[in-house]
There are 2 protein chains.
Amino acid sequence: MIGQRVTRQRTAIAGLLDDLGEFRSAKQIHLALQQRGDDIALATVYRTLNAMAESGDVEVLLNPSGEHTYLRCAPTASHHHHHLVCRHCGRTVDVDAPQLEELVSALATEHGFTELEHSVDFVGVCTACARAGAAR
Amino acid sequence: MIGQRVTRQRTAIAGLLDDLGEFRSAKQIHLALQQRGDDIALATVYRTLNAMAESGDVEVLLNPSGEHTYLRCAPTASHHHHHLVCRHCGRTVDVDAPQLEELVSALATEHGFTELEHSVDFVGVCTACARAGAAR
DNA sequence: CTATTTGCAAAGTATTTGCCACCAT
DNA sequence: ATGGTGGCAAATACTTTGCAAATAG
């Protein structure tokens, strides 16, 4: 990685991600950009998101249907934490769970596992959607 | 679902899954079947695995590269538990983590989420692979 | 006998890549 | 000027589906 250029496309994508605050698929992001008037090739969206993911600028989550979804979290300093994601509306809540960290390392040690990954993001139904869903 | 027939293909797939004990992709399962001499169409493998997943006979995990992987766990009575999966060799360890359950429901309550899903399977590196990897 | 299941190939979806024009630096 | 970038379309990878032939019960 020698040079990273600031282009209209990258600025637009970064800007959109900041506004979203929820996990979104590349397709959704692409669509949202178009609706804003930013016409960017889908391939570029993918390339940019991949690059941002690799450099840690966005978090990637594989949703149940096998799509990659992307989220830009804390604008700047982002410490390790997890998310509750609403299955219906996509609303995302950041959670700190120090106990979870402890638990994970305990499990790892106990079974001789190292480098335990736990991009643990829980998927559920948020209050608003639960109410709406109850009517269903 | 009116009738479920026992066919050569389904028997073979179920049998293989029992022998495996590790998360495997549909492709891998298909290949393994061929090597055993069971010639089954890939589409059939997918159809069967999907059916087994839906009826809860197998657990599905979306691996980092976006493939569905399938595992048949406890031969019979399987209670709720989680897995440690080795990133390298695929070795799987079942773990009970009552604290995790508690933690999850605590988080859910705290933030008003319901139906919190946590097919939490941790991906790490097991002892054997860690040793092997150290040589790398 | 007949409804379910299989196999094949084609279709579908998500993502990546090759290549050339283009623009930020 | 010039090398990183973007757009397009073709390629790839995984999975699903339509339909006729095979088969379990």
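So that the names make sense, note that chain A is the first sequence line, chain B the second, and so on, each numbered from 1.
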Between [atom2] of [N] and [atom1] of [X], the distance in whole Å:
X: A:Leu33; N: D:dG7; atom1: CG; atom2: C1'; result: 15 Å
X: B:His30; N: D:dT15; atom1: NE2; atom2: C1'; result: 13 Å
X: A:His68; N: D:dC14; atom1: NE2; atom2: C1'; result: 11 Å
X: B:Asn50; N: D:dT17; atom1: CG; atom2: C1'; result: 12 Å
X: A:Gln34; N: D:dG7; atom1: CD; atom2: C1'; result: 13 Å
X: B:Arg10; N: D:dA22; atom1: CZ; atom2: C1'; result: 14 Å
X: A:Met52; N: D:dT5; atom1: CE; atom2: P; result: 13 Å
X: B:Leu49; N: C:dT5; atom1: CG; atom2: P; result: 15 Å

Table please: side-chain donor-acceptor pairs of residues 25-43 of chain A below 3.5 Å, with sequence neighbours left out.
unit_1	atom_1	unit_2	atom_2	d
A:Ser25	OG	A:Gln28	N	3.1
A:Ser25	OG	A:Gln28	OE1	3.4
A:Gln28	OE1	A:Ser25	N	2.8
A:His30	NE2	A:Ile40	O	2.8
A:Arg36	NH2	A:Asp19	OD2	2.3

message: I need a per-nucleotide contact map over nucleotides 20-25 of chain C, read 5' to 3'. Cutoff is protein heavy atoms under 4.0 Å; write B for the base, S for backbone only, - otherwise.
response: ----BS

message: What does the B/S/- profile of nucleotides 8-13 of chain C look like, 5' to 3', with a 4.0 Å heavy-atom cutoff to protein?
response: BB----

- request: Using the closest heavy atom to pick a nucleotide of DNA chain D for each, name whichever of B:Tyr46 or A:Leu42 lands nearer the 5' end.
  value: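 Between the two, 5'-proximity favours A:Leu42.
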
Sequence neighbours excluded and cut-off under 3.5 Å, please list the side-chain donor-acceptor pairs for residues 98-113 of chain B, or say none.
unit_1	atom_1	unit_2	atom_2	d
B:Glu101	OE1	B:His80	NE2	3.2
B:Glu101	OE1	B:His118	NE2	2.8
B:Glu101	OE2	B:His80	NE2	3.3
B:Glu101	OE2	B:His82	NE2	2.9
B:Ser105	OG	B:Glu101	O	3.1
B:Ser105	OG	B:Glu102	O	3.0
B:Thr109	OG1	B:Ser105	O	2.6

- request: State, yes or no, whether a side-chain contact exists between B:Leu17 and B:Leu71 at a heavy-atom distance under 4.5 Å.
  value: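 In short, these two side chains do not touch, never coming nearer than 4.5 Å.
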
message: Is there a side-chain contact between A:Thr7 and A:Arg10 in this structure, where contact means two heavy atoms from C-beta onward sitting under 4.5 Å apart?
response: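 A:Thr7 reaches A:Arg10 side chain to side chain.
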
- prompt: Any idea which heavy atoms bring B:Met52 and B:Ile13 closest together, and the distance?
  reply: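 Taking every non-hydrogen atom into account, SD-CG2, 4.3 Å.
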
Measure the [atom1]-[atom2] distance between [X] and [Y] for me, rounded to the nearest 0.5 Å.
X: A:Leu16; Y: A:Tyr70; atom1: CG; atom2: OH; result: 13.5 Å
X: B:Glu22; Y: B:Leu20; atom1: CD; atom2: CG; result: 7.0 Å
X: B:Leu61; Y: B:His68; atom1: CG; atom2: NE2; result: 10.5 Å
X: A:Leu49; Y: A:Glu54; atom1: CG; atom2: CD; result: 12.5 Å

task: Sequence neighbours left out, what passes side chain to side chain donor-acceptor pair (under 3.5 Å) with A:Glu67? Give chain and number order.
output: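 Partners of A:Glu67 by the side chain to side chain donor-acceptor pair (under 3.5 Å) criterion, ordered by chain and then number, come out as A:Asn63.
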
- prompt: Looking at B:Gln9, does any N or O in its side chain come under 4.0 Å of the phosphate oxygens OP1/OP2 on D:dT23?
  reply: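 Answer is no, no contact under 4.0 Å.
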
message: For a side chain to side chain contact (heavy atoms under 4.5 Å, CB included) check, start with the C-alpha distance between A:Thr69 and A:Arg24, then their side-chain angles and the critical distance, and finish with the verdict.
response: CA-CA 5 Å; A:Thr69 56; A:Arg24 289 286 188 247; 5.8 Å; no

- request: Work out how much the helix from C:dC1-D:dG25 to C:dT25-D:dA1 bends between its end axes, five pairs an end, to the nearest 10 degrees.
  value: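 That helix has its two terminal axes inclined by roughly 30°.
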
